[in-house]
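First comes the structure, then the notes that go with it.
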Amino acid sequence: MASYTQISLAEAEEILKLYGRSKVKKCTPLSLGISNSNYRVDLENETVLLKISNDKNQQQLADEQAILVYLKECGYPYSLKPFPLTSGEFIYNYGPYFGVLYPFVQGIPPGPSDYTCQEVGRAIAELHVLKHDQEKMNSLRPHESVGFGPKEILDYIKSPSCPPDFKAGFLSLFPDHLEGFMNAGFETGIIHGDLYYDNTLFDNNKISTVLDFEQAGIGEYILDLGISISGTCLEKGMVITPLVNSYLMGYESVRALSIVEKKFLDQSIILGLLSISLWRIKRFKERNLNPLMENSYRDLLVRALNYFEMRKQEI
């Protein structure tokens, strides 16, 4: 979460009126994250989280809310459900702004640790074991419409806009062009797509909230697991095996990995790093959303190469 778009107290008041709310006392920008503008808005009788979209279009934002509403129907305990406007819709439009309103949840962003990894692993496993209504599931978006799986990465390295270092890194990590991974037939369902530890809040040392479902959709659980591990099990900027083991302890306390998932776990972690690396290329290098982060994709590329070398030595 971040505050790229600056709004006044009066503008916040007008937006909240669309929800049948009034008497805004305070509007405070939140400076966490790298994509959207988020504000804590204190009203007379409640506190809410106001999001202004700086990245997703209105359809993508609406698709995200459909997933969040569905997750609440399924009983997933860690996601937020958006407030409806007086019209019953979930996306507000006010002047040049559009976005969503959520409950404001108190909590502490955790740091990387064995315990944090266990808790995040357990929370994502609870997402992966939800029982689904297949008809409703069919109406939810695929992950690849907002994120990058193996096929999207393969297609990108063939494009002229692909940075040479990203292509070279991919080819050194996956000389088989992910053929084995793509033909493995992994289990699918709703995935978060970006569950790093800093997309969670903790309360009384337990995970209380999972945030930022912007890249959620129907996808392979193993990809979700790889992305989450790659941004959670970190020490000094490197994915390390002891923290991965702690993460898996939490995950498998809820959902056991299949034999094929265990076989491709290391590849999924590397793929997770490349997936978010490509996400950064698309936003910060190609779309110039934040020029200071234009080359931040390289951090994740280097992390992937380091993890590959570390696992070669350990195995």
Side-chain angles (χ1 to χ4, degrees), residues 1 30 32-35 38 49 64 67-68 70-72 74-81 102-132 143 147 187 189-217 219-258 261-262 265-266 268-273 275-276 300 303 307:
M1 295 183 293
L30 302 175
L32 299 173
I34 57 176
S35 257
N38 294 269
L49 176 67
E64 177 189 346
I67 291 171
L68 290 172
Y70 176 73
L71 288 178
K72 281 303 180 186
C74 292
Y76 186 61
Y78 302 118
S79 56
L80 298 177
K81 182 179 177 180
Y102 296 111
F104 188 87
V105 180
Q106 295 285 354
I108 300 171
S113 69
D114 285 298
Y115 186 75
T116 295
C117 291
Q118 283 188 38
E119 281 291 289
V120 175
R122 183 177 60 80
I124 203 170
E126 290 192 30
L127 178 64
H128 294 171
V129 298
L130 289 176
K131 303 299 182 186
H132 293 295
H143 169 258
E187 187 178 353
I190 293 178
I191 67 174
H192 182 280
D194 190 27
L195 189 47
Y196 285 13
Y197 69 86
D198 53 4
N199 274 338
T200 67
L201 295 176
F202 277 55
D203 185 36
N204 291 322
N205 293 322
K206 292 285 185 181
I207 195 166
S208 63
T209 310
V210 172
L211 304 169
D212 291 346
F213 280 76
E214 295 170 14
Q215 290 173 256
E220 295 174 332
Y221 294 143
I222 190 67
L223 175 64
D224 206 21
L225 192 59
I227 290 172
S228 184
I229 287 173
S230 75
T232 298
C233 303
L234 301 176
E235 183 176 277
K236 297 180 180 178
M238 294 181 63
V239 181
I240 63 169
T241 300
L243 289 181
V244 173
N245 291 339
S246 294
Y247 186 108
L248 294 175
M249 186 183 303
Y251 187 91
E252 293 204 277
S253 70
V254 176
R255 177 183 181 268
L257 290 173
S258 68
E261 286 172 332
K262 289 180 180 179
L265 181 63
D266 280 337
S268 79
I269 294 169
I270 295 168
L271 189 63
L273 288 161
S275 174
I276 304 301
L300 301 183
R303 188 178 293 170
Y307 182 74

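Residue indices begin at 1 and follow the sequence shown.
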Give, for atom CG of D266 and atom OG1 of T241, the distance between the pair rounded to the nearest 0.5 Å.
7.5 Å

Check whether H143 reaches the backbone of H192 with its side chain - one donor and one acceptor, N or O, closer than 3.5 Å.
no

Might you point out which heavy atoms bring A125 and V254 nearest each other, and give the distance in Å?
CB-CB, 3.6 Å

Mind telling me whether H128 and Y251 have parallel, tilted or perpendicular rings, with 30° and 60° as the class edges?
perpendicular

Is the shortest heavy-atom distance from the side chain of V105 to the side chain of L211 under 4.5 Å?
no

To the nearest 0.5 Å, what is the distance between CD (Q118) and OG (S253)?
8.0 Å

With a 3.5 Å distance limit and no angle check, can you tell me whether S230 reaches the backbone of I227 through a side-chain donor-acceptor pair?
yes

Which atom pair, heavy atoms only, marks the closest approach of K72 to Y76?
NZ-O, 3.6 Å

Checking S79 side chain against L68 main chain: does a donor-acceptor pair fall under 3.5 Å?
no

Given the rule in the side chain to side chain contact (heavy atoms under 4.5 Å, CB included) test, do Y102 and N38 qualify, once you have shown the distances and angles that lead to the verdict?
CA-CA 10 Å; Y102 296 111; N38 294 269; over 6 Å; no

Is the side chain of T232 donor-acceptor paired with the backbone N or O of C117 at a distance under 3.5 Å, no angle test?
no

Taking all non-hydrogen atoms of both residues, which atom of A123 and which atom of V210 are closest, and how far apart?
CB-CG2, 4.3 Å

Are the side chains of L225 and Y247 in contact, using a 4.5 Å heavy-atom criterion?
yes

Do the side chains of L201 and P109 get nearer than 4.5 Å, heavy atoms only?
yes

With rounding to the nearest 0.5 angstrom, report the OG1 to CG distance, T116 to L234.
11.0 Å

Give the C-alpha distance, both sets of side-chain angles, the deciding distance and a yes or no for side chain to side chain contact (heavy atoms under 4.5 Å, CB included) between I190 and L130.
CA-CA 9 Å; I190 293 178; L130 289 176; 5.7 Å; no

Just checking I108: does its CD1 atom have more than 12 heavy atoms from other residues, nucleotides or ligands closer to it than 6.0 angstrom?
no

Euclidean distance, T209 OG1 relative to F104 CZ, rounded to 0.5 Å:
10.0 Å

Could you report the tightest heavy-atom contact between L257 and E252, atom names first, then the distance?
N-OE2, 2.8 Å

If only atom types and distance count, is the side chain of S275 paired as donor or acceptor with the main-chain N or O of G272 below 3.5 Å?
no

Looking only at heavy atoms, the pair that brings I67 and A216 closest together is CD1-O, 3.4 Å

Check: R303 side chain, G237 main-chain N or O, donor-acceptor pair, under 3.5 Å:
yes

Sidechain-backbone polar pair: Y115 side chain, N205 backbone, donor-acceptor under 3.5 Å
yes

Look at the side chain of Q215 and the backbone N and O of G147, then say whether any donor-acceptor pair between them is shorter than 3.5 Å.
no

Which value, rounded to the nearest 0.5 Å, describes the distance between L195 atom CG and Y78 atom OH?
11.5 Å

So, H132 side chain and C74 main chain: donor-acceptor pair closer than 3.5 Å or not?
no

For N199 and D194, indicate whether the former's side chain and the latter's backbone hold a donor-acceptor pair under 3.5 Å.
yes

Rounded to the nearest 0.5 Å, what separates atom CD1 in I229 from atom CG in L248?
4.5 Å

